[in-house]
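To find a chain, count down the sequence lines: A is the first, B the second, and so on, and within it residues start at 1. Only heavy atoms go into these numbers, but all of them, side chains included; no hydrogens, no water, no symmetry mates.
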2 protein chains.
Amino acid sequence: MNDLRNSKPLYVAKAELFKSLGHPARIRILELLVAGEMSVSNLLAATGLEPSSLSQHLNVVKHTGLVQSSRAGNIVTYRVTDPSVGEFLAAARSVLATTLGRARQTLEDLVGPA
Amino acid sequence: MNDLRNSKPLYVAKAELFKSLGHPARIRILELLVAGEMSVSNLLAATGLEPSSLSQHLNVVKHTGLVQSSRAGNIVTYRVTDPSVGEFLAAARSVLATTLGRARQTLEDLVGPA
DNA sequence: CCATGAATTCATAGATTACTTAAATCACCC
DNA sequence: GGGTGATTTAAGTAATCTATGAATTCATGG
């Protein structure tokens with residue numbers, strides 16, 4: 001059900017956590033879910049993924065405990081398990097912001113401003 | 001030099017960022033560097049990795065802009081490019097904490113406390 | 001200039017991951 | 001019970017990633 005359980009060195013669990021977000025489709029899925037729970041069919045429409053592909057990606061993030069699902073009749077709804085997931089994504093955004101800014105800066109240092 | 005530059009959808013860049021930390025060795029390396037800059041030979045000793053392997057992993061995190069390096073004579077020193085990298089790692093730790101706690105809780109809900 | 005230590009690059013075999021298509025489940029309604 | 005829409009599972013192939021050992025670069029000191 002959840003693969004980040006004990007009996008694993010912490011840095012392995014942490015690596016699996018990062019890896020589970022190491023795919024564009026899963027990033028898009030998580031950003032949607034951070035904004036609010038969503039059914040598979042809505043995710044399907046929002047992402048444009050193949051149903052089987054979406055399901056597989058959802059399974060990956062479910063295994064690392066980032067999301068949960070529940071079924072109501074025919075419809076399966078996914079949601080993030082904890083607000084910390086949103087903060088995790090936000091932290092990535094912040095790294096990216098300074099990292100991209102720094103790349104631009106370094107470039108200007110080397111070749112001068114545009 | 002840096003692969004998270006523009007001309008790439010944001011979610012792709014973000015996925016690459018996560019992926020670059022999606023390996024136990026790179027997690028260990030980054031946690032060491034977050035605590036302070038380090039030479040390659042010190043990283044070698046601290047991690048026990050093969051030199052070529054360490055170098056390749058360092059290259060991965062350098063490409064995503066998480067770390068920088070500088071050479072002083074024979075010795076190359078790596079450091080994180082920005083404090084936000086440390087916060088990123090911390091955010092992961094926090095997700096892991098609630099995620100593992102929740103897994104334990106869910107288990108207890110199902111089978112009763114140990 | 002050659003030897004040496006430090007670090008990186010290269011090449012390849014082996015393992016993991018992702019995409020695609022088809023088949024299977026599952027819950028519901030007639 | 002059969003049909004239908006929603007979702008998941010399976011299986012195969014293609015693509016990507018990792019580890020390893022040999023070769024290479026780079027800077028220094030003799």
Side-chain angles (χ1 to χ4, degrees), chain A residues 1-4 8-9 11-30 32-33 37-64 66-79, chain B residues 1-4 8-9 11-30 32-33 37-64 66-79:
Chain A
M1 205 165 283
N2 184 310
D3 237 9
L4 253 44
K8 230 172 253 183
Y11 54 85
V12 172
K14 209 178 282 189
E16 286 174 7
L17 178 62
F18 279 102
K19 187 156 51 171
S20 77
L21 281 173
H23 191 288
R26 295 196 290 268
I27 293 288
R28 284 196 289 164
I29 290 169
L30 261 289
L32 287 167
L33 292 183
E37 62 173 35
M38 252 188 167
S39 68
V40 171
S41 35
N42 282 347
L43 283 169
L44 219 44
T47 63
L49 293 169
E50 292 284 325
S52 69
S53 181
L54 172 61
S55 188
Q56 284 166 157
H57 284 302
L58 283 170
N59 199 37
V60 171
V61 285
K62 191 178 185 181
H63 264 74
T64 55
L66 289 170
V67 308
Q68 291 178 319
S69 68
S70 61
R71 166 168 234 137
N74 234 351
I75 293 179
V76 176
T77 298
Y78 282 81
R79 66 191 63 80
Chain B
M1 205 164 283
N2 185 310
D3 238 10
L4 252 44
K8 230 172 253 180
Y11 55 84
V12 172
K14 209 178 283 190
E16 287 175 6
L17 178 62
F18 278 103
K19 186 157 52 172
S20 78
L21 281 173
H23 190 289
R26 295 197 289 270
I27 292 289
R28 284 197 288 164
I29 291 169
L30 261 289
L32 287 166
L33 293 183
E37 62 173 34
M38 253 187 167
S39 68
V40 171
S41 33
N42 282 345
L43 283 169
L44 220 43
T47 62
L49 293 169
E50 292 284 324
S52 69
S53 182
L54 172 61
S55 189
Q56 283 168 156
H57 284 302
L58 283 170
N59 200 36
V60 171
V61 284
K62 192 178 183 180
H63 265 76
T64 54
L66 289 170
V67 308
Q68 291 179 318
S69 68
S70 61
R71 174 181 285 255
N74 234 349
I75 292 178
V76 176
T77 298
Y78 282 81
R79 65 192 64 79

Derivation and outcome, side chain to side chain contact (heavy atoms under 4.5 Å, CB included), residues A:V67 and A:L30: CA-CA 8 Å; A:V67 308; A:L30 261 289; 4.1 Å; yes
Show the distances under 3.5 angstrom between N or O atoms of the protein and N or O atoms of nucleotides 16-19 of chain D.
| unit_1 | atom_1 | unit_2 | atom_2 | d |
| --- | --- | --- | --- | --- |
| D:dC17 | OP1 | B:K19 | NZ | 3.2 |
| D:dT18 | OP1 | B:R26 | NH2 | 3.3 |
| D:dT18 | O3' | B:H23 | NE2 | 3.4 |
| D:dA19 | OP1 | B:H23 | NE2 | 3.3 |
| D:dA19 | OP2 | B:H57 | NE2 | 3.0 |

Heavy-atom pair with the smallest gap, counting every atom of A:R26 and A:V60: NE-CG1, 3.7 Å
If you look only at distance, which donor and acceptor atoms sit under 3.5 Å apart when one is on a side chain in residues 37-49 of chain A and the other is two or more places apart or in another chain?
| unit_1 | atom_1 | unit_2 | atom_2 | d |
| --- | --- | --- | --- | --- |
| A:E37 | OE1 | A:R79 | NE | 2.8 |
| A:E37 | OE1 | A:R79 | NH2 | 3.3 |
| A:S39 | OG | A:S41 | OG | 3.4 |
| A:S39 | OG | A:N42 | N | 3.2 |
| A:S39 | OG | A:N42 | ND2 | 3.4 |
| A:T47 | OG1 | A:L43 | O | 2.8 |
| A:T47 | OG1 | A:L49 | N | 3.3 |

Just how far, in rounded Å, is C1' of C:dT20 from CG of A:L49? 13 Å
Set out, in order, the CA-CA distance, both residues' side-chain angles and the distance that settles side chain to side chain contact (heavy atoms under 4.5 Å, CB included) for B:V76 and B:L58, then state yes or no. CA-CA 11 Å; B:V76 176; B:L58 283 170; over 6 Å; no
Atom pair distance, as rounded to whole Å: CG in A:L54 and C1' in D:dA6: 12 Å
What do the steps show when you test A:H57 against A:H23 for side chain to side chain contact (heavy atoms under 4.5 Å, CB included), and what is the final call? CA-CA 9 Å; A:H57 284 302; A:H23 191 288; 3.7 Å; yes
Do B:L21 and A:L17 come close enough that some side-chain heavy atom pair is under 4.5 Å? no
Run the side chain to side chain contact (heavy atoms under 4.5 Å, CB included) test on B:I29 and B:L54 for me, step by step, so that the C-alpha distance in whole Å, both residues' side-chain angles and the decisive distance to 0.1 Å come before the verdict. CA-CA 9 Å; B:I29 291 169; B:L54 172 61; 3.5 Å; yes
Would you check if B:E16 and B:K8 make a side-chain contact, meaning some heavy-atom pair closer than 4.5 Å? yes
A:L21 CG to C:dT17 C1', straight-line distance once rounded to whole Å: 15 Å
Would you mind reading off the distance between B:E50 atom CD and D:dA23 atom C1', rounded to a whole angstrom? 15 Å
Taking the side chain as C-beta and beyond, is there a heavy-atom pair between B:K62 and B:S69 under 4.5 Å? yes
OP1 or OP2 of D:dT8 sitting under 4.0 Å from any side-chain N/O of A:Y78? yes
Rounded to whole Å, the CG-P distance (A:L58 to D:dT8) equals 7 Å
Assess whether one donor atom and one acceptor atom, taken from the side chain of B:S52 and the base of D:dG21, lie less than 3.5 Å apart. yes
Starting from C1' on C:dG5, measure out to CD1 on B:I75 and report it in whole angstrom. 10 Å
Can you check each nucleotide of nucleotides 24-30 of chain D against protein heavy atoms at under 4.0 Å and return B for base, S for sugar-phosphate only, - for none, in 5' to 3' order? --BBS--
